Amino acid sequence: AGSIAVFRTAGGLGHVCPTPYKQWAVVAHPPFSTGPLRIPSMRPPPECRTFTSSAVEQALARISARISDPDIRQLFVNTMPNTLDTAIAWHHPGKGASELDYPYTFVITGDINAQWTRDSTNQLLPLLPYAETDSSLNALIAGLVNMQAEQIAAYPFANAYKPPPRSGLVPGESDWAKRDVVSPPFDLNTVFEAKFEIDSLAAFFKLSTSYWRRRQSQASDLLNVGVWKQAVAVSIGLLVQLQAPTFDADQRLTNSTVRFLRTASTATETSFGGGRGNPIRRTGMVRTLFRPSDDAVIFPFL
């Protein structure tokens with residue numbers, strides 16, 4: 001079974017758990033591995049972990065017991081459950097489709113209360129096989145599919161989003177985003193950063209497809225199919241739009257243009273051509289402004 005441990009409480013966990021987690025991460029904790037590298041034990045105490053999966057814990061014990069090198073074994077123990085230990089900022093387990101109450105999950109990357117579509121997919125996807133024997137983990141991953149769908153349906157151009165108000169989380173803030181010139185415009189209450197990266201939409205499709213293939217028998221009960229369909233329709237419409245050339249036959253800008261302009265000291269933080277990227281002809285491929293590293297592209301096709 002899975003469970004949530006909240007880092008901040010009025011009493012109880014708040015006085016013993018690291019707030020934020022980086023306070024724990026900057027200190028080397030014993031016991032250390034017995035190899036020459038003396039790798040510290042960096043998992044937070046069980047009561048301070050943001051989610052616990054019995055299936056993942058069993059796999060962790062089983063696999064680590066087969067790793068003979070003590071340093072590599074310690075690295076594996078630290079890293080395999082790290083997303084569950086530290087990055088599940090909010091999870092609503094839901095009650096199933098019959099009550100119109102679906103699971104939702106907000107996964108942070110690093111120490112910012114924001115969710116990157118690409119990163120959150122890659123953080124939970126390796127744990128999908130263990131959801132077959134852990135219903136709570138299954139709901140956690142389905143919740144991420146629902147969260148991504150809700151975000152993309154509302155604004156598909158972003159690479160990172162803020163937590164929904166119903167989560168009760170304090171949103172991460174970006175001073176950059178407040179000054180960015182972006183078209184189409186975005187809502188600062190819901191979007192953390194509006195860099196258009198085609199891999200973000202690909203990550204949404206990757207997680208959705210992977211979840212459906214493995215959990216098809218339960219997906220209809222856990223996935224908010226209506227919102228998911230909206231996100232898919234919006235995404236495909238956008239991808240088709242961005243196949244168009246930059247200029248039409250009369251040398252006028254087409255509606256394929258998206259714009260991201262940031263005043264920065266490094267060229268990788270903004271887009272060429274006044275924020276529109278370098279011009280393209282129709283090739284059948286889809287243009288993008290940024291690549292998976294969040295850096296601007298020179299050639300708009302990845």
Side-chain angles (χ1 to χ4, degrees), residues 1-9 12-33 37-67 70-93 103-145 147-148 160 163 167-170 172 207 211:
S3 60
I4 289 289
V6 181
F7 277 14
R8 297 175 178 84
T9 60
L13 291 182
H15 68 282
V16 295
C17 292
T19 308
Y21 170 72
K22 65 181 180 181
Q23 294 180 358
W24 175 271
V26 297
V27 178
H29 300 275
F32 297 86
S33 62
L37 298 180
R38 289 182 52 78
I39 305 296
S41 300
M42 297 307 296
R43 296 191 69 185
E47 66 272 16
C48 298
R49 297 168 188 170
T50 56
F51 191 90
T52 301
S53 164
S54 59
V56 171
E57 292 297 325
Q58 291 167 11
L60 183 65
R62 182 177 67 254
I63 298 171
S64 61
R66 300 176 61 183
I67 301 175
D71 290 331
I72 294 178
R73 181 170 59 248
Q74 186 75 292
L75 282 174
F76 177 74
V77 170
N78 287 342
T79 56
M80 180 192 175
N82 184 260
T83 292
L84 300 185
D85 285 353
T86 69
I88 309 302
W90 174 68
H91 174 57
H92 172 66
Y104 280 87
T105 305
F106 192 83
V107 181
I108 61 173
T109 300
D111 59 352
I112 302 172
N113 266 356
Q115 177 175 291
W116 274 254
T117 307
R118 171 196 59 246
D119 295 342
S120 59
T121 286
N122 292 330
Q123 285 170 270
L124 281 189
L125 196 57
L127 303 179
L128 182 56
Y130 306 109
E132 295 181 8
T133 58
D134 188 336
S135 60
S136 295
L137 180 62
N138 183 42
L140 184 81
I141 298 173
L144 179 59
V145 176
M147 189 78 265
Q148 290 182 353
S167 69
L169 296 174
V170 177
L207 180 64
Y211 182 81

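None of the values given here were measured: they were computed from a predicted structure.
Here the straight-line distance linking atom SG of Cys17 with atom CZ of Arg49 works out to 10.5 Å at 0.5 Å rounding. Rounding to the nearest 0.5 Å places CD1 of Ile63 at 4.0 Å from CZ of Phe76. The structure places OG1 of Thr52 at 11.0 Å from CG of Leu137, a figure rounded to the nearest 0.5 Å. Summarising the geometry, atom CD1 belonging to Ile39 is positioned 4.5 Å from atom CG belonging to Leu75; distances are rounded to the nearest 0.5 Å.
With contacts defined as side-chain heavy-atom distances shorter than 4.5 Å, the pair Leu84/Leu124 qualifies. Counting heavy atoms from C-beta outward, Leu144 and Gln115 have side chains that approach closer than 4.5 Å. Looking only at side-chain heavy atoms (C-beta outward), Val56 and Asp134 stay at 4.5 Å or farther from each other. The closest side-chain heavy-atom distance from Trp24 to His29 is below 4.5 Å. A 4.5 Å side-chain heavy-atom check between Thr105 and Ile88 finds at least one atom pair inside the cut-off. You'll find the side chain of Tyr211 reaches within 4.5 Å of the side chain of Asn138, heavy atoms only. Side-chain contact between Leu207 and Ile141 is present, with at least one heavy-atom pair separated by less than 4.5 Å. A 4.5 Å side-chain heavy-atom check between Ser53 and Leu127 finds every atom pair outside the cut-off.
Residues Leu37 and Asp71 come closest through the heavy atom pair N-OD2, 3.1 Å. The shortest heavy-atom contact between Ala89 and Ile108 is CB-CG2, 3.6 Å. Residues Leu169 and Phe106 approach most closely at CD1-CD2, 4.1 Å, considering heavy atoms. In plain terms, the two heavy atoms of Ser41 and Gln74 that are nearest each other are OG-NE2, 3.0 Å. Considering all non-hydrogen atoms of both residues, Ala87 and Gln123 come closest at CB-NE2, 3.7 Å. Here the closest non-hydrogen pair linking Arg73 and Ser64 is CD-O, 3.0 Å.
Among residues at least two apart or in separate chains, salt bridge (charged side-chain N to carboxylate O under 4.0 Å, His left out) pairs with a member in residues 18-30 are Lys22-Asp111.
Thr121 and Gln148 share a donor-acceptor pair across their side chains, judged by distance under 3.5 Å alone.
The only member of Asp85, Asn82, Thr79 that meets side-chain hydrogen bond (donor to acceptor under 3.5 Å, both in side chains) when paired with Arg43 is Asp85.
A distance-only check finds no donor-acceptor pair linking the side chain of Asp119 to the backbone of Val107 [under 3.5 Å]. Remark: the backbone N or O of Thr83 is not paired with any side-chain donor or acceptor of Thr86 at under 3.5 angstrom.
Ring geometry for Trp90 against Tyr104 counts as parallel: the plane angle stays under 30°, on a 0 to 90° scale with 60° as the upper cut.
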